[in-house]
K.L.:
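One structure coming up, written as structure tokens, with questions to follow.
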Amino acid sequence: MTGLIAFREIVLKVHSRCDLACDHCYVYEHADQSWRARPKVISPGVISRTASRLAEHARDHALPSVTVILHGGEPLLAGPDRLRLVCEEFTRALAGTAALDLRIHTNGLQLGPRYLDLFAEYGVRVGVSLDGDRAANDRHRRFADGRSSHPLVLRAVGLLRSEPYRHLYQGLLCTVDVANDPVAVLDALVALEPPRVDFLLPHATWQTPPPRPGGAPDAYARWLLRVFDRWEALGRPVPVRLFESLLSTLRGGPSLTESLGLAPTDLVVVETDGTLEQVDSLKSAFEGAAATGFNVFDHPFDLVAAHPGVRARQLGLAGVSGTCRRCPVVRSCGGGLYTHRYREDGPAGAGFDNPSVYCSDLRELVEGVEGRTAGRETAPELADPAELARSQEELTRALLARLHGELAAGPEWARAWELLTGVEEADATALDAVLGHPFTRTWVLEALDAAREGRLDAPGAARRLAALAAAAVLRGGLEPPAEVAYRDGEVYLPTLGLLRLGEPGTEGRAALHATGEGYAVVRAGRTEHRFGPAAGDARWLPVRTWQPGPQQPPVALEDLDPYRNCFARPPRLRLGAGEADAWRRRLDAAWALLHRTVPEFARAAAAGLSTLTPLAGGPRAQGWGEAGRHGPGALGVPYAAGVRETALALLTGRRRARLRALTEVADLYALDGAWQHPSPWRTRPVPVSRLLADVHERVAVEAYRRATTTQEPGGADRIHRALDHLSEAAELTVTGKRLVEELRWELKMVDA
């Protein structure tokens, strides 16, 4: 079957009874009582058939690994012999098909060396249920006669923590009870040094809501936030999956737990009689809620994957209620656990198309964690241009290393790479300058695209790499000379200029080295000619520069690099000397206009600007500048634009370039396109990326227009409306939200 999710995890019920009488257990104490009619222990036939079905499923879906969780009731009551049979059958069935990850969830009462030796033999990792200190644990987790289970659980965990079993210790599972002391609970769990702690909200629905002392709608959020504060104060001593999932989604990453986030479920349950069911927690909703009508003897797992109840949990955002889809925290909470949404009398009738019964708690929890961590979790690149530049350079290096992996076998490339690594060892600063050249990134990405599509010009890529290395050698004044290959009589040295080494149409090689006066071409063991800043050689066309101000580094006026053709319109050919001087004068006047009218925006525009490329044609209707495709620090400006248009192009182009650079190294949003937002400037709703880009640009435009008395009527009102939409956007990460706050502050300064 196509379009079906593959089950990567099965829960195998090996025993359907328990030696505890926990009053919060969803198996025995909630709506579904089907356990009463099932065998106490799984049979060898069910074990064998389930293993075969899983192997078949793994082969059909080419799964690299599968997880099997031994569960109950209390799975250890199945006994070591039956558990050994489970391990043997699944290991045999999956051998050569998929890696097998075996786990067991237990209350720990029966856990001893005879079980742990078996688990060590098969690599079965052990998770233990424990609700905290003795007072917390005894509130629910007691024997039927009321005796405490706490000492026996501690004994089991102590054994699990000891050698030779420590590597089997998977973690602790704690069900939340707001009547317990949250600090004491966390401290008790941390003291047992678990590899991970899972905090679980007690299973509840709108028909059987969770206990809420005093009727507080946020009691569970407040309890969990106190745990979070203690966890933070202790320095996050152990991973807590609930908190790490929230931190991941707030940064734009995936959910790490089924109970939160929008990731589809990939789990199926096998009962002791071989019945195939949906996720076990559904037993809290109503009798038969988890049923599918299938079993391992007659049906493959793919039929379960096609079941409407399972399919409903693969829909992500489309699978949550309309209320949830409009909520700004839905990407983190995911609408809550599917079971917790059940309602017999909801607006859509009986079913799961509702917010979670923990809705208020989840929103407060997400916002509480975000508020406590936003300062630390915000990407530093947002506030620090130097950090943004460093991250961009690291990205270029990583992409270049990937390209090296594609081409390392070629001798020409290998020689150039060896030279490049030698330069890095001798003078990393010189190499940084050429790797920071915007069009180095453009070249690397084009080469990677070509390599993936099987059309890469490998000799051409090797020539560019050698030219990069040679430019670094010359910039650093390094030895030995750098050999370059030229084609059509010339070679471009990034950041330096174009060197003509032969007649048009010719190819060859030459060695370049630094001298006290500049650079020299060495062939046949002798210096052929000198070139560089002071040489005045007609065969050398240097990259010109422009000085924006006395306190700022020079900006390259790049009209030579063959990879500068990355803008929406074509670049101008090499400017004549008079044209270059005229352009510098317009740039000077435009820069002065920006500093006179919008000084704060002008200073921000200067940060990170390294390269300007003259573009063909005059200004377009808006007169705005262009950020090149993946050229950090580069900006394209229409050569024929006047001073006012050039100023606007510098301002808007830098805003575009900065936002693009940010999105390349920091997550500003996730699930872009899942929602569509009204835009004051467009007739149709747009994804969050487009709305954010429009606002980011138009704040600066509004400031410029006001300062030059050409403001657009209602421009600020439109920006305010767009910012309001962004503030409620579920896609934004903590960094994206901080950027929106920055834009509000900028607009406030404009309005002042």
Side-chain angles (χ1 to χ4, degrees), residues 388-404 407 416 420 423 430-451 456-457 460-475 484-488 490-499 541-546 553-575 580 583 608-616 625-639 653-654 656-658 660-661 664-665:
L388 179 57
R390 280 192 293 271
S391 295
Q392 284 289 343
E393 185 181 321
E394 289 173 8
L395 177 57
T396 298
R397 286 175 176 271
L399 292 168
L400 185 58
R402 188 185 302 174
L403 183 60
H404 175 60
L407 298 174
L420 198 74
V423 171
L431 183 60
D432 289 345
V434 295
L435 293 184
H437 178 51
F439 304 128
T440 296
R441 171 82 62 79
T442 308
W443 161 67
V444 171
L445 287 171
E446 287 190 15
L448 283 169
D449 287 344
L456 179 66
D457 174 13
R463 285 194 299 271
R464 177 74 182 201
L465 185 69
L468 278 170
V473 165
L474 298 181
R475 292 182 69 95
V484 295
Y486 60 89
R487 188 177 184 184
D488 202 24
E490 58 188 33
V491 60
Y492 172 76
L493 302 172
T495 74
L496 295 178
L498 183 72
L499 179 62
L541 300 178
V543 172
R544 300 185 181 102
T545 61
W546 166 60
V555 172
L557 302 183
E558 183 57 84
D559 56 1
L560 290 169
D561 194 319
Y563 287 91
R564 73 191 188 282
N565 191 16
C566 61
F567 300 99
R569 70 173 80 184
R572 278 281 300 253
L573 299 177
R574 174 73 167 179
L575 300 177
W583 200 38
L609 177 62
S610 67
T611 305
L612 286 174
T613 291
L615 302 181
E626 297 179 11
R629 175 183 179 271
H630 304 303
L635 181 62
V637 175
Y639 171 77
R654 284 302 298 146
R656 292 180 177 185
R658 183 233 185 180
R660 173 168 288 176
E664 289 172 345
V665 298

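The analysis underlying the following values was restricted to heavy atoms, covering all of them including side chains, and did not include hydrogens, waters or symmetry mates. In this text, all values refer to a predicted model and were calculated from it rather than measured experimentally.
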K.L.:
Drop me the distance from Leu560's CG to Leu541's CG, to the nearest 0.5 angstrom.
P.N.:
6.0 Å

K.L.:
Please assess Leu395 against Arg441 for the test side-chain contact (heavy atoms from CB on, under 4.5 Å), listing each intermediate value before the final yes or no.
P.N.:
CA-CA 9 Å; Leu395 177 57; Arg441 171 82 62 79; 3.6 Å; yes

K.L.:
Between Val491 and Arg463, is any pair of side-chain heavy atoms under 4.5 Å apart?
P.N.:
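Side-chain contact under 4.5 Å: no.
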
K.L.:
I'd like to check Arg544 versus Leu575 (side-chain heavy atoms, cut-off strictly below 4.5 Å). Are they in contact?
P.N.:
yes

K.L.:
Please answer whether the main-chain N or O of Gln392 pairs with a side-chain N or O of Glu664 as donor and acceptor at a distance below 3.5 Å.
P.N.:
no

K.L.:
Using every non-hydrogen atom in the two residues, find where Leu465 and Ala416 come nearest and quote the distance to one decimal.
P.N.:
CD2-CB, 3.7 Å

K.L.:
Check this for me, if you would: do Asp561 and Arg464 make a salt bridge, where the nitrogen-to-carboxylate-oxygen distance has to be below 4.0 angstrom?
P.N.:
yes

K.L.:
List for me each residue that meets side-chain contact (heavy atoms from CB on, under 4.5 Å) alongside Asn565, sequence neighbours excluded, and say none if there are none.
P.N.:
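With sequence neighbours excluded, Asn565 shows a side-chain contact (heavy atoms from CB on, under 4.5 Å) to Pro571, given in chain and number order.
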
K.L.:
Measuring from Thr396:OG1 to Leu403:CG, what's the distance to the nearest 0.5 Å?
P.N.:
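Nearest 0.5 Å value for the OG1-CG distance: 12.0 Å.
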
K.L.:
Side chains of Pro494 and Phe439, heavy atoms from C-beta outward: is any pair under 4.5 Å?
P.N.:
no

K.L.:
Measure across Ala471 and Val434 and return the closest heavy-atom pair with its distance rounded to 0.1 Å.
P.N.:
CB-CG1, 3.7 Å

K.L.:
Kindly assign one of parallel, tilted or perpendicular to the pair Trp583 and Tyr639, based on the angle between their ring planes and the thresholds 30° and 60°.
P.N.:
tilted

K.L.:
Taking the side chain as C-beta and beyond, is there a heavy-atom pair between Trp443 and Leu399 under 4.5 Å?
P.N.:
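No. Closest side-chain heavy atoms not under 4.5 Å.
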
K.L.:
As an exercise, state the distance from CZ of Phe567 to OG1 of Thr613, rounded to the nearest 0.5 Å.
P.N.:
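Atom-to-atom, Phe567:CZ and Thr613:OG1 are 4.5 Å apart.
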
K.L.:
Of the non-hydrogen atoms in Ala470 and Val484, which two are nearest, and what is the gap between them?
P.N.:
CB-CG1, 3.4 Å

K.L.:
Less than 4.0 angstrom from a charged side-chain N to a carboxylate O is my criterion; do Arg397 and Glu393 meet it?
P.N.:
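Looking at Arg397 and Glu393, the cut-off is met.
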
K.L.:
Side chains of Leu420 and Leu400: closer than 4.5 Å at any heavy-atom pair?
P.N.:
yes

K.L.:
Side chain of Thr611, backbone of Ala556: donor and acceptor closer than 3.5 Å?
P.N.:
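No; zero donor-acceptor contacts below 3.5 Å.
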
K.L.:
For Ser610 and Pro438, indicate whether the former's side chain and the latter's backbone hold a donor-acceptor pair under 3.5 Å.
P.N.:
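A pair under 3.5 Å: no.
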
K.L.:
Crowded around Arg487 CZ? As in, over 12 foreign heavy atoms under 6.0 Å?
P.N.:
no

K.L.:
Going from OG1 on Thr495 to CG on Leu435, what distance comes out if it is rounded to the nearest 0.5 angstrom?
P.N.:
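Spacing of OG1 (Thr495) from CG (Leu435) equals 10.5 Å.
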
K.L.:
Nearest 0.5 Å please: distance from the CG atom of Leu615 over to the CZ atom of Arg569.
P.N.:
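Atom-to-atom, Leu615:CG and Arg569:CZ are 6.0 Å apart.
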
K.L.:
Can you name the residues that form a side chain to side chain donor-acceptor pair (under 3.5 Å) with Arg402, not counting sequence neighbours?
P.N.:
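By the side chain to side chain donor-acceptor pair (under 3.5 Å) rule, Arg402 matches no residue at all.
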
K.L.:
Can you name the closest pair of heavy atoms from Val423 and Val473 and give their distance?
P.N.:
CG2-CG2, 3.5 Å

K.L.:
What's the spacing between Leu635 CG and Arg658 CZ if we round to 0.5 Å?
P.N.:
15.0 Å

K.L.:
For the residue pair Arg564 and Arg572, establish whether any side-chain heavy-atom pair is separated by less than 4.5 Å.
P.N.:
no

